[in-house]
Number of protein chains: 2
Amino acid sequence: MAETEACSPVPGLAATAAVAPVQVVLAALADPVRLEMVRRMAAAPGRTERCAALYDDIGKSTASHHFKVLREAGLTERTSVGGVLHQRLCLDAVEAALPGLLPSVLSGLD
Amino acid sequence: MAETEACSPVPGLAATAAVAPVQVVLAALADPVRLEMVRRMAAAPGRTERCAALYDDIGKSTASHHFKVLREAGLTERTSVGGVLHQRLCLDAVEAALPGLLPSVLSGLD
DNA sequence: CAACAAGTTCGATCGCGATCGAACCCACGG
DNA sequence: CCGTGGGTTCGATCGCGATCGAACTTGTTG
């Protein structure tokens with residue numbers, strides 16, 4: 001807490017918070033659950049998706065934890081769509097900070 | 001042991017073993033020590049460097065462990081240069097499997 | 001051939017992160 | 001104005017991975 005982090009509780013459109021150091025981004029993407037979340041957002045229209053649509057077989061609290069990690073890595077942000085909370089993938093911001101990384105990871109058909 | 005892994009003890013030039021799934025590659029790069037190792041190899045001429053030149057403040061056994069992780073992720077391979085063991089970064093193989101990833105990660109001046 | 005240097009393997013320890021359940025918050029809809 | 005659904009926070013547990021030291025392997029050199 002008391003971080004410089006943009007912890008604003010859904011300020012509408014939080015103007016793309018800064019992307020964290022590579023190390024943090026890599027750690028965030030290294031988890032299978034989170035990578036899947038990122039993939040689903042990337043596939044969604046507007047890179048935005050309902051929280052519940054981003055996971056399948058884990059508890060709500062665990063999912064929320066992963067959301068937080070992704071957010072703190074600067075990969076995603078919160079958005080409110082008609083009163084319903086959504087997670088949005090900051091494609092452009094990440095692409096600007098680490099060009100080529102996301103496309104590469106997302107196309108990883110390994 | 002008894003894996004399908006190319007555990008060949010320095011066969012001269014192990015013809016670029018296959019790059020592991022994205023998930024594994026990301027996990028390998030997520031560790032600060034390993035990322036630094038990769039950076040040093042990338043900066044070395046021919047992407048090849050003596051093992052001892054790749055780390056600073058950790059034990060030999062720990063370093064060896066990290067070499068193994070990198071190797072099993074398909075990021076590096078062993079080479080023998082005049083009887084001295086070296087680690088070589090498989091730039092081209094990784095670039096072929098995950099184009100843009102390494103350049104992006106290596107230039108991460110975050 | 002014997003000694004040594006450089007990596008690897010093995011076994012054990014330790015801390016961090018993934019996970020869960022319960023309690024809490026907040027925005028809507030009756 | 002109170003109930004309900006969807007996320008978040010909190011506290012505790014558990015397993016995996018990072019680390020180390022010691023023993024082993026191998027290849028080079030005196």
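Hydrogens, waters and symmetry mates are skipped; everything else that's a heavy atom, side chains included, is used. Residue numbers start from 1 in every chain, and the chains themselves are labelled A, B, ... in the order their sequence lines are given, proteins ahead of strands.
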Strand-adjacent residues in residues 30-45 of chain B, judged by heavy atoms under 4.0 Å from DNA chain D: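 Correct list: B:Asp31, B:Val33, B:Arg34.
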Partner residues of B:Ser61 under the side-chain contact (heavy atoms from CB on, under 4.5 Å) criterion, sequence neighbours left out: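 Scan of B:Ser61 (side-chain contact (heavy atoms from CB on, under 4.5 Å), adjacent residues dropped) gives none.
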side-chain contact (heavy atoms from CB on, under 4.5 Å) involving B:Ala28 - partner list, sequence neighbours excluded: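 side-chain contact (heavy atoms from CB on, under 4.5 Å) list for B:Ala28, sorted by chain: B:Arg34, B:Val69, B:Leu70, B:Ala73, B:Leu75.
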Along DNA chain C (nearest heavy atom to each residue), the more 5'-positioned of B:Ala52 and A:His66: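 Closest to the 5' end, via its nearest nucleotide, is B:Ala52.
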5' precedence on DNA chain C between A:Val84 and A:Gly59 (nearest-nucleotide basis):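 Checking each residue's closest nucleotide, the 5'-ward one belongs to A:Gly59.
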Distance test, side-chain N/O of B:Arg78 to OP1/OP2 of C:dT8, below 4.0 Å: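 Yes, such a contact exists.
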Short side-chain N/O contact from A:Arg71 to OP1 or OP2 of D:dG7, under 4.0 Å: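 No.
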Taking [atom1] from [X] and [atom2] from [N], how many angstroms apart are they, rounded to a whole number?
X: A:Glu72; N: D:dT8; atom1: CD; atom2: C1'; result: 13 Å
X: A:His86; N: D:dG5; atom1: NE2; atom2: P; result: 19 Å
X: A:Phe67; N: D:dT9; atom1: CZ; atom2: C1'; result: 15 Å
X: B:Glu49; N: C:dA6; atom1: CD; atom2: P; result: 14 Å
X: A:Lys60; N: D:dG6; atom1: NZ; atom2: C1'; result: 5 Å
X: A:Tyr55; N: C:dC20; atom1: OH; atom2: C1'; result: 13 Å

B:Leu29 CG to A:Gln23 CD distance, which is reported to the nearest 0.5 Å: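 These two atoms lie 8.5 Å from each other.
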Sugar-phosphate only, base, or nothing, as touched by A:Ala63 at under 4.0 Å among non-hydrogen atoms: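 It contacts nothing in the nucleic acid.
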Sugar-phosphate, base or nothing in reach of A:His65, heavy atoms under 4.0 Å: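 Base, at least one base atom sits under 4.0 Å.
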A:Ile58-A:Met41 co-clustered via ILVMFWY side chain contacts under 4.5 Å: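 A:Ile58 clusters together with A:Met41.
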ILVMFWY network linking B:Val24 to A:Val33, side-chain heavy atoms under 4.5 angstrom: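 No, B:Val24 and A:Val33 fall in different hydrophobic clusters.
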What nucleotide, of [options], holds the atom closest to the side chain of [X]?
X: B:Thr62; options: D:dG7, D:dC20, C:dC20; value: D:dC20
X: B:Lys68; options: C:dG7, C:dC20, C:dT9; value: C:dT9
X: A:Cys51; options: C:dT8, D:dG7, D:dC20; value: D:dG7

Donor/acceptor link under 3.5 angstrom from A:Ser61 side chain onto base of C:dG21: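 Indeed there is one.
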A:Gln87 vs A:Arg71 side-chain heavy atoms within contact, under 4.5 Å: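 A side-chain contact under 4.5 Å exists here.
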Side chains of B:Asp31 and B:His66 in contact at under 4.5 Å (non-hydrogen atoms):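 Yes, close enough: below the 4.5 Å cut-off.
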